[in-house]
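Within every chain, numbering begins at 1; the chains are lettered A, B, ... in the order of the sequence lines, protein sequences first and strands thereafter.
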Amino acid sequence: MVDIITRFPPSPTGYLHVGGARTALFNWLYARHTNGKFVLRIEDTDTARSTQASVDAIFEALEWLGIEWDAGPYFQSQRLDIYQEYIDRLVAAGHAYYCTCSSEKLEVMRAAAMEKGGKPKYDGTCRDRGLAKTDNAVVRFKAPLGGTTVLKDVVKGNIVFQNDELDDFIICRSDGTPTYNFVVVIDDITMNINTIIRGDDHVMNTPKQMLIYKALDVPLPTYGHVPMVLGSDRTRLSKRHGATSVTAYRDMGFLPDAFINYLVRLGWSFGDQEYFTREDLIEKFSLENIGRSAGVFDQEKLLALNAEHIKATPIKTLAQLLIPFLEQEGIQAPESAFVEKVVETLAPRSKTLKEMARDAVFYFADTIAYEEKADKKFLKQKALEPLTLLVAELEQIEAFTEENLEDAFRAVMEKSGLKLGKIAQPVRVALTGRTASPGIFEIIAIIGRDKVLDRVSKAVAHIKDKSESME
RNA sequence: GUCCCCAUCGUCUAGUCUGGUCCAGGACACCGGCCUUUCACGCCGGCGACAGGGGUUCGAAUCCCCUUGGGGACGCCA
């Protein structure tokens, strides 16, 4: 049995988007699953729109996703000789011909066809003229006039196309550069690609490409057209639905493993399983379980999955990943060991790394800024007594062990007659500035005696200030 | 307009090929409860779907047809 060889052929006209990432993933996963090969090819025949920045952005995104290629990257712009050779061959064999119809004429032709209720296509003016190569002639592929072309698609089943629907499409522009439908085939043939998994939007291109295989007498690859990813309004996912660039998700604090888990699971399934590690995916991925219908991208579910992956990630790893996000929050060069302790308290309650970093800020701050609501609700007169008592108790403790801390709080409870809940909330606000946070004892153990005393004392002073200014 | 594809909870989906075990299962979201020093986590429970209509069949979410709805493609873009 020959190796499965898949490929991902992005065109460098922008960043890698969600849909592209998903087809890359399917191809990569299938290659890994079958112990085959995965090829990366950059489709840059459109010189006007291709940029180096886009190429770099695509590499960057692929790297983040953890998708590695076994061959390439190949650049179509460097393979022009190969294409030319095949074009000449097709023309010589009578499978293609030169055409001098102007684009203006074609436009008129298309408009007329539309009006008559037909499909806009080339009328074949130059098809049998036997024109020789001239400066501004294009090369057209000579499509069969009748019959059908049947696509055996592994995800969609058999799709039958009437060859009459196809027209003599251009394979080489008047400037001499070859076009997409042609180069794809030549590349796939010369790179030995035998499995093509791509977006649904390519279905209509497939019969054209199959015809070229036939003209060249080369066996067809296996095709699998996967349904597209839609936005919440069920139209093709685009910028107006929110972030579509892969790296934007990285910057929002998603874990690559969570992201690929979500993307693959959108349109593919393995029974009821929702959570997959990268290894799971490689082990379980198969073409048979790809769904036939398009799916809506749902960030809520991605978020939930990300939270799960965060919980499953070792603390040390998370800490390293969190550091850049902490820096974005203005925390410079935090010490790893300290970050690890912080992460331990935040990991179970964070949906993204960005959120985790935001929630971690108070651990590092010199002064605590109280959230308005928190201040109003908890730092009031009633809190003065327990906070003052707590400062007194804490001052007597040398080591801030969990046991000692509990004793201190218990003492405050007894002396004030308040329940722990009534004491903990003001303390939480004093320590974090917010009403929601990890457990009080955990926080105290991490920020340490000096800062705790300082923060609680400052809260006491703050309450006194407030009551004075009220008078 | 023409061609192609698709159709199960709000969303992702299992089940469809090989009709009965499905008065349809899971997950996210939402709602309620438990746990609890807050928020989360976790646990328990609830809400919620076979687009419609015809067939075929003893029996259909599953097979066939039509309708409707949605998506995609119609470039000297890829």
Side-chain angles (χ1 to χ4, degrees), chain A residues 9-13 43-46 48-50 76 99 101-103 106-107 110 113-121 136-140 151 153 156-157 159-162 164-167 169-181 183-184 199-207 225 227-228 230 232-236 262 265-275 288-289 291-305 307 311 345-351 359 374 378 409 419-425 427-429 432 434-441:
Chain A
S11 60
T13 54
E43 311 224 321
D44 58 353
T45 54
D46 183 356
R49 295 198 305 150
S50 300
Q76 291 184 328
C99 165
C101 297
S102 68
S103 10
L106 296 173
E107 233 163 88
R110 270 193 286 269
M114 278 275 215
E115 207 153 306
K116 262 194 286 175
K119 205 175 177 79
K121 51 182 216 177
N136 47 11
V138 299
V139 180
R140 285 183 183 275
L151 162 60
D153 193 281
K156 291 186 178 291
I159 302 175
V160 181
F161 299 92
Q162 299 299 321
D164 297 338
E165 289 295 326
L166 278 23
D167 69 347
F169 56 97
I170 292 173
I171 60 175
C172 185
R173 304 181 183 95
S174 51
D175 67 0
T177 58
T179 62
Y180 168 76
N181 276 122
V183 287
V184 169
D200 221 344
D201 49 342
H202 282 291
V203 170
M204 286 305 188
N205 288 324
T206 311
H225 287 89
M228 325 214 61
L230 309 178
S232 46
D233 60 355
R234 303 205 134 270
T235 63
R236 196 183 180 138
Y262 177 72
R265 189 52 237 269
L266 177 57
W268 171 84
S269 62
F270 190 78
D272 279 341
Q273 189 173 344
E274 301 279 352
Y275 178 92
E288 297 80 64
N289 293 321
R292 298 143 300 268
S293 52
V296 174
F297 187 87
D298 179 16
Q299 194 162 79
E300 284 297 334
K301 188 140 188 176
L302 207 208
L303 241 15
L305 224 31
K311 271 176 270 186
T345 69
L346 259 16
R349 61 192 83 223
S350 303
K351 285 195 157 76
D359 290 346
F378 295 109
F409 273 80
K419 285 185 183 172
L420 182 54
K422 294 286 175 195
I423 303 168
Q425 276 310 82
V427 175
R428 186 183 316 281
V429 177
T432 71
R434 329 166 60 164
T435 55
S437 79
I440 290 291
F441 296 139

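A:Phe270 meets the ring-ring contact (aromatic ring centres under 6.0 Å, His included) test with no other residue; sequence neighbours excluded. Looking at residues two or more places apart in sequence or on another chain, you find a side chain to side chain donor-acceptor pair (under 3.5 Å) between A:Glu43 and A:Arg41, A:Gln76. Applying the side-chain contact (heavy atoms from CB on, under 4.5 Å) criterion to A:Pro438, with sequence neighbours excluded, gives A:Thr345, A:Leu346, A:Arg349, A:Phe362, A:Tyr363, A:Glu442, A:Ile443. Partners of A:Tyr275 according to the side-chain contact (heavy atoms from CB on, under 4.5 Å) rule, which considers only residues two or more places apart in sequence or in another chain, are A:Asn261, A:Thr277, A:Glu308, A:His309, A:Ala312. For A:Lys351, there are no side chain to side chain donor-acceptor pair (under 3.5 Å) partners at least two apart in sequence or on another chain. A:Thr435 is linked by a side-chain contact (heavy atoms from CB on, under 4.5 Å) to A:Ala374, A:Phe378, A:Gln425, counting only residues two or more places apart in sequence or in another chain. Take A:Arg236 and apply the side chain to side chain donor-acceptor pair (under 3.5 Å) test, not counting sequence neighbours, and it matches A:Asp201. For A:Phe297, the ring-ring contact (aromatic ring centres under 6.0 Å, His included) criterion is met by A:Tyr249, A:Tyr262, not counting sequence neighbours.
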Provide a list of protein-nucleic acid N or O atom pairs under 3.5 angstrom, restricted to nucleotides 75-78 of chain B.
residue : atom : partner  : partner atom : Å
B:rC76  : O3'  : A:Arg173 : NE           : 3.2
B:rC76  : O2   : A:Ser174 : N            : 3.1
B:rC76  : O2   : A:Ser174 : OG           : 2.9
B:rC76  : N3   : A:Ser174 : OG           : 3.1
B:rC77  : OP2  : A:Arg173 : NE           : 2.3
B:rC77  : OP2  : A:Arg173 : NH2          : 3.4
B:rC77  : O5'  : A:Arg173 : NH2          : 3.4
B:rC77  : O3'  : A:Arg173 : NH2          : 3.0
B:rC77  : O2'  : A:Asp46  : OD2          : 2.7
B:rC77  : O2'  : A:Arg49  : NH2          : 2.9
B:rC77  : O2   : A:Arg49  : NH2          : 3.4
B:rA78  : OP1  : A:Thr45  : OG1          : 2.7
B:rA78  : OP1  : A:Arg173 : NH2          : 2.4
B:rA78  : OP2  : A:Arg173 : NH2          : 2.9
B:rA78  : OP2  : A:Tyr180 : N            : 3.1
B:rA78  : O3'  : A:Glu43  : OE1          : 3.0
B:rA78  : O2'  : A:Ser11  : OG           : 3.3
B:rA78  : N6   : A:Asn205 : OD1          : 3.2
B:rA78  : N6   : A:Asn205 : ND2          : 3.4
B:rA78  : N1   : A:Asn205 : ND2          : 3.2

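In this structure, B:rC63 forms a base pair with B:rG55, meeting either the Watson-Crick or the G-U wobble geometry with both donor-acceptor distances under 3.5 Å. Remark: B:rC74 base-pairs with B:rG1. Criterion, Watson-Crick or G-U wobble with two distances under 3.5 Å. With a cut-off of 3.5 Å on both pairing distances, the Watson-Crick or G-U wobble partner of B:rC43 is B:rG33. Base pairing of B:rG19 is not made with any nucleotide, judged by Watson-Crick or G-U wobble geometry with both donor-acceptor distances under 3.5 Å. Under the Watson-Crick or G-U wobble criterion, with both distances below 3.5 Å, B:rA24 is left unpaired in every strand shown.
For A:Lys422, the NZ atom is loosely surrounded, since the number of other residues' heavy atoms within 6.0 Å does not exceed 12.
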How does each nucleotide of nucleotides 5-15 of chain B score, in 5' to 3' order, for protein heavy atoms under 4.0 Å: base (B), sugar-phosphate only (S), or none (-)? SSS---SBSS-

Contact pattern, 5' to 3', of nucleotides 38-44 of chain B - B, S or - by protein heavy atom under 4.0 Å: BBBSS--

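Side-chain contact between A:Pro227 and A:Ser293 is absent, with no heavy-atom pair separated by less than 4.5 Å.
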Compile the donor-acceptor pairs under 3.5 Å between side chains in residues 169-181 of chain A and protein atoms, sequence neighbours left out, one pair per line.
residue  : atom : partner  : partner atom : Å
A:Arg173 : NH1  : A:Thr177 : OG1          : 2.8
A:Arg173 : NH1  : A:Pro178 : O            : 3.1
A:Asp175 : OD1  : A:Thr177 : N            : 2.9
A:Asp175 : OD1  : A:Thr177 : OG1          : 2.7
A:Thr179 : OG1  : A:Ile170 : O            : 2.7
A:Tyr180 : OH   : A:His202 : ND1          : 3.1
A:Asn181 : ND2  : A:Gln209 : OE1          : 2.8

